[in-house]
Each structure stands twice: as structure tokens, then as C-alpha cells.
Trainee: 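Below are the C-alpha cells for one structure; questions will follow.
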Amino acid sequence: MRRGFSLIEATIAAAVLVVLVIGALETLGATARARHRLADAARAHALAESLCAEVGARAFSDPDAGTDAIGPNPGDAGVTRAGFDDVDDYHALSEKPPESRDGVAGADGSWQRDTEVVWMTRLPSGALTPSLTATSIKRVTVTVRKDGVPLATRVVYRTRGADEVLP
């Protein structure tokens, strides 16, 4: 009766062990990548939500402007985000990297935050659709990207009247 391993048996055992180690390392790598993607998604949602909260605290329209145009008003030339006083001042705002209201960068240069403000009108069916003319509803869309890839989009609606009910 023979005792011990032959060279072939030892080679097969080593090959099986290598396959198991490679599988375990691939699983750990996939877990780390998934954790990183979840962290990026959470950060993107937080960046979008913080800007939406800031926009929501502004007036529906500029009381001094006398115009219903979307975007910063003529008197707002050179005004930084700290001076934005109404919702549509945020239209076409693009920050790379995203900043706080007082201009302090809070993320690295791979992050970007873009804002769009459009007039909306209510159809007879009750649905909202973009409008080319001034209405009592504005839609604010904030999109957050990392390395050019959209990770979060947040949409909020603002109305001129406090009794307006939105979806």
C-alpha cells in the first residue's frame, strides 16, 4: 500500500487551491466596487438634495426684476450664487466641482452639478408639460455627474401660489 501524494495529486490540489483563491479575490473586488458605487450614489443624491433645498428657499420670482424671463435678471450681472434671490437665477448653473452657497468647493474635480429651470403648464389631463411662456409653475432639475456619468437627478417644482397642488 502506498502512502503520501503523487506529483500529479499535488499539482491538482495546488490548481484547485489557486482557482479558489482567485474566486475569493474576485468576490472581494466586486464587493469593494459595489460599495464604492453605492458611496458615490449617496454622495450624488446628497449634492442634488442640498442644492434643491437651497433653491426651494428662494422666492418664486425676483420682486425687483419686472420680467418673467428664466435665468439671472439684468440687475444680477456678476452676482455669485450667494446673491441668487429667486428660483430662476439658478437656471444653467453648472459647477465643477460643486460648491456651497458661499463658494467653497465641497468635492473633487471629477464631480459636476448642473441645474435647469423651466416654466411648466398644466394640461387638461392634469399632467405638467414644459411651456415657452411664463406660468405659475417652475420645474427645477438638478443633475449630479461624476466623471461625466449622471449619478443622481432631482426634480422639484415651485409655484407662484401657495395653494397650487403639484404631483
Side-chain angles (χ1 to χ4, degrees), residues 23-63 65 67-73 76-123 125-167:
L25 290 174
E26 286 180 358
T27 301
L28 287 173
T31 302
R33 286 188 300 275
R35 188 176 313 142
H36 187 69
R37 281 192 303 272
L38 285 173
D40 282 350
R43 186 171 190 184
H45 284 285
L47 286 167
E49 187 62 37
S50 69
L51 188 58
C52 284
E54 180 182 318
V55 172
R58 304 280 109 21
F60 179 80
S61 60
D62 193 332
T67 179
D68 283 331
I70 293 287
N73 302 307
D76 292 341
V79 173
T80 63
R81 201 170 110 210
F84 287 0
D85 58 0
D86 61 289
V87 171
D88 62 71
D89 285 350
Y90 289 85
H91 179 66
L93 174 69
S94 183
E95 299 174 317
K96 185 172 183 172
E99 301 175 347
S100 65
R101 184 166 160 82
D102 57 3
V104 176
D108 65 50
S110 63
W111 291 87
Q112 180 175 343
R113 184 167 55 183
D114 300 306
T115 309
E116 176 190 43
V117 180
V118 297
W119 294 108
M120 300 298 287
T121 189
R122 189 178 298 279
L123 298 175
S125 66
L128 294 173
T129 187
S131 173
L132 296 176
T133 60
T135 66
S136 63
I137 305 170
K138 292 178 183 175
R139 180 185 69 201
V140 179
T141 305
V142 176
T143 303
V144 178
R145 295 175 176 80
K146 182 173 184 192
D147 297 322
V149 177
L151 294 180
T153 298
R154 177 85 165 92
V155 177
V156 294
Y157 294 90
R158 283 295 310 272
T159 62
R160 187 181 310 272
D163 58 350
E164 183 86 33
V165 177
L166 296 174

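Below, each value reflects all heavy atoms present in this structure, side chains not excepted, and no hydrogens, waters or symmetry copies.
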Trainee: Taking all non-hydrogen atoms of both residues, which atom of I137 and which atom of R122 are closest, and how far apart?
Mentor: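 The answer is CD1-NH2, 4.4 Å.
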
Trainee: Under the side-chain contact (heavy atoms from CB on, under 4.5 Å) test, which residues partner A53, sequence neighbours left out?
Mentor: none

Trainee: Quick one: list whatever passes side chain to side chain donor-acceptor pair (under 3.5 Å) with T141, sequence neighbours left out.
Mentor: none

Trainee: So do S94 and D114 actually touch side chain to side chain, heavy atoms under 4.5 Å?
Mentor: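 Counting from C-beta outward, D114 and S94 do come under 4.5 Å.
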
Trainee: Would you say W119 and K138 make side-chain contact, with heavy atoms under 4.5 Å?
Mentor: yes

Trainee: Which residues pass the salt bridge (Lys or Arg N to Asp or Glu O under 4.0 Å) test with R101, not counting sequence neighbours?
Mentor: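 Checked R101 against salt bridge (Lys or Arg N to Asp or Glu O under 4.0 Å); matches are E54.
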
Trainee: Just how far is it from atom CG of L123 to atom CG of L128, taken to the nearest 0.5 Å?
Mentor: 7.5 Å

Trainee: Please enumerate all residues that pass side-chain contact (heavy atoms from CB on, under 4.5 Å) together with D40, with sequence neighbours excluded.
Mentor: H36, W111, K146, L151

Trainee: From the options D88, V117, D86, V87, select the one residue that forms a side chain to side chain contact (heavy atoms under 4.5 Å, CB included) with R158.
Mentor: V87

Trainee: Quick one, I70 and V118 - any side-chain contact, counting heavy atoms below 4.5 Å?
Mentor: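 They are not in side-chain contact.
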
Trainee: Checking E99 now: which residues fulfil side chain to side chain donor-acceptor pair (under 3.5 Å) with it, not counting sequence neighbours?
Mentor: none

Trainee: Quick one: list whatever passes salt bridge (Lys or Arg N to Asp or Glu O under 4.0 Å) with R58, sequence neighbours left out.
Mentor: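 With neighbours one apart ignored, the set is empty.
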
Trainee: In chain order, what residues pass the salt bridge (Lys or Arg N to Asp or Glu O under 4.0 Å) check against R139, with sequence neighbours excluded?
Mentor: none

Trainee: Applying side-chain contact (heavy atoms from CB on, under 4.5 Å), name anything that partners R33, two or more places apart in sequence or on another chain.
Mentor: A30, R37

Trainee: Evaluate whether atom CG of L25 has more than 12 neighbouring non-hydrogen atoms of other residues, nucleotides or ligands under 6.0 angstrom away.
Mentor: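 More than 12 within 6.0 Å, yes.
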
Trainee: Using side chain to side chain donor-acceptor pair (under 3.5 Å) as the criterion, list what pairs up with S131, not counting sequence neighbours.
Mentor: T133

Trainee: Return the set of residues passing side-chain contact (heavy atoms from CB on, under 4.5 Å) with A57 (not counting sequence neighbours), or none when no residue passes.
Mentor: none

Trainee: Got a second to check how far D147's CG is from R145's CZ, nearest 0.5 Å?
Mentor: 12.5 Å

Trainee: Locate the shortest heavy-atom distance separating V142 from C52; write the atom from each residue and the value.
Mentor: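 Taking every non-hydrogen atom into account, CG2-SG, 3.6 Å.
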
Trainee: Partners of E95 by salt bridge (Lys or Arg N to Asp or Glu O under 4.0 Å), sequence neighbours excluded?
Mentor: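 Expected list: R81, R113.
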
Trainee: Locate the shortest heavy-atom distance separating P150 from T143; write the atom from each residue and the value.
Mentor: CB-CG2, 4.4 Å

Trainee: With ring-ring contact (aromatic ring centres under 6.0 Å, His included) as the rule and sequence neighbours excluded, what pairs involving residues 128-152 come up?
Mentor: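 ring-ring contact (aromatic ring centres under 6.0 Å, His included) check on residues 128-152 returns no pairs.
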
